[in-house]
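Some notes on the structure that comes next.
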Amino acid sequence: QVRLVETGGGLVQAGGSLSLSCAASGGTVSSNAMGWFRQAPDKQREFLAAISWNGGSTSYANSAKGRFTVSRDNAKNSVYLQMNSLKPEDTAVYSCAVYSYRLVGGTPRYWGQGTQVTVSS
């Protein structure tokens with residue numbers, strides 16, 4: 001089974017930046033689209049960003065557009081999320097995920113445990 005481990009979360013002040021990393025092990029994800037999601041307390045999981053297998057295309061939720069950037073390094077079997085201009089409403093557990101196929105679509109097949117991001121005002 002593919003295991004995903006997110007790192008880079010923490011406490012940051014509003015307006016600050018964080019870089020999240022997601023490292024996959026137990027199998028290669030270089031042929032799969034990858035995505036980032038978040039879930040705040042008492043809320044449903046929210047899609048943030050996704051990237052195709054070769055990085056040729058990306059997609060973003062409106063909440064992430066213009067502030068977050070998704071990238072990947074298939075040589076490292078990893079995907080990243082650069083978050084800038086953070087707001088208190090960005091506070092959530094951030095998780096990466098593996099889609100079943102090369103292009104983004106449908107429900108991801110594998111999920112990481114998530115990393116906590118807390119943005120203070």
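Residue indices begin at 1 and follow the sequence shown.
Here CG of Leu48 is found 9.5 Å from OG of Ser95. Values are rounded to the nearest 0.5 Å. Atom OG of residue Ser25 and atom CG of residue Leu4 lie 7.5 Å apart, to the nearest 0.5 angstrom. One finds the CE atom of Met34 at 12.0 Å from the OH atom of Tyr110 (value rounded to the nearest 0.5 Å).
Of all heavy-atom pairs spanning Ala92 and Ala40, the tightest one is CB-N, 3.8 Å. When all heavy atoms of Val79 and Ser71 are compared, the pair lying nearest together is CG2-O, 3.1 Å. For Val29 against Asn77, the heavy-atom pair with the smallest separation is N-OD1, 2.9 Å.
Pairs passing the disulfide bond (SG atoms under 2.5 Å apart) check and including a residue from residues 42-79, sequence neighbours excluded, do not occur. Residue pairs meeting the ring-ring contact (aromatic ring centres under 6.0 Å, His included) criterion with at least one member in residues 17-61, sequence neighbours excluded, are Phe37-Phe47, Phe37-Trp111. Pairs engaging residues 65-85 under the salt bridge (Lys or Arg N to Asp or Glu O under 4.0 Å) rule: Arg67-Asp90 [sequence neighbours left out]. Every pair passing disulfide bond (SG atoms under 2.5 Å apart) that includes a residue from residues 53-121 is listed here, sequence neighbours excluded: Cys22-Cys96. For residues 10-36, the set of pairs meeting the salt bridge (Lys or Arg N to Asp or Glu O under 4.0 Å) definition, not counting sequence neighbours, is empty. For residues 11-33, there are no ring-ring contact (aromatic ring centres under 6.0 Å, His included) pairs, not counting sequence neighbours. Screening residues 35-91 for disulfide bond (SG atoms under 2.5 Å apart) gives no qualifying pairs among residues at least two apart or on separate chains.
Counting heavy atoms from C-beta on, the side chains of Arg38 and Val117 never come closer than 4.5 Å. Here the side chains of Gln116 and Thr91 are in contact, with some heavy-atom distance below 4.5 Å.
Phe68 and Tyr80 end up in different hydrophobic clusters when Ile, Leu, Val, Met, Phe, Trp and Tyr side chains are linked at under 4.5 Å. Connection of Val70 to Val5 is not established within any shared hydrophobic cluster, with ILVMFWY side chains joined at heavy-atom distances below 4.5 Å, either directly or through further cluster members.
By the side-chain hydrogen bond (donor to acceptor under 3.5 Å, both in side chains) test, Ser57 is found to be paired with Ser52, residues two or more places apart in sequence or in another chain being considered. In this structure, Ser85 has no side-chain hydrogen bond (donor to acceptor under 3.5 Å, both in side chains) partners at least two apart in sequence or on a different chain. By the side-chain hydrogen bond (donor to acceptor under 3.5 Å, both in side chains) test, Ser30 pairs with Thr28, sequence neighbours left out.
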Show the atom names and distances, to 0.1 Å, of all donor-acceptor pairs under 3.5 Å that link a side chain in residues 8-20 to residues at least two apart or in another chain.
residue: Ser17; atom: OG; partner: Asn84; partner atom: OD1; Å: 2.9
residue: Ser19; atom: OG; partner: Gln82; partner atom: OE1; Å: 2.4

Show every donor-acceptor pair shorter than 3.5 Å between a side-chain atom in residues 99-108 and any protein atom, with sequence neighbours excluded, or say none if there are none.
none

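Around atom CD of Gln113, no more than 12 heavy atoms belonging to other residues, nucleotides or ligands sit under 6.0 Å away.
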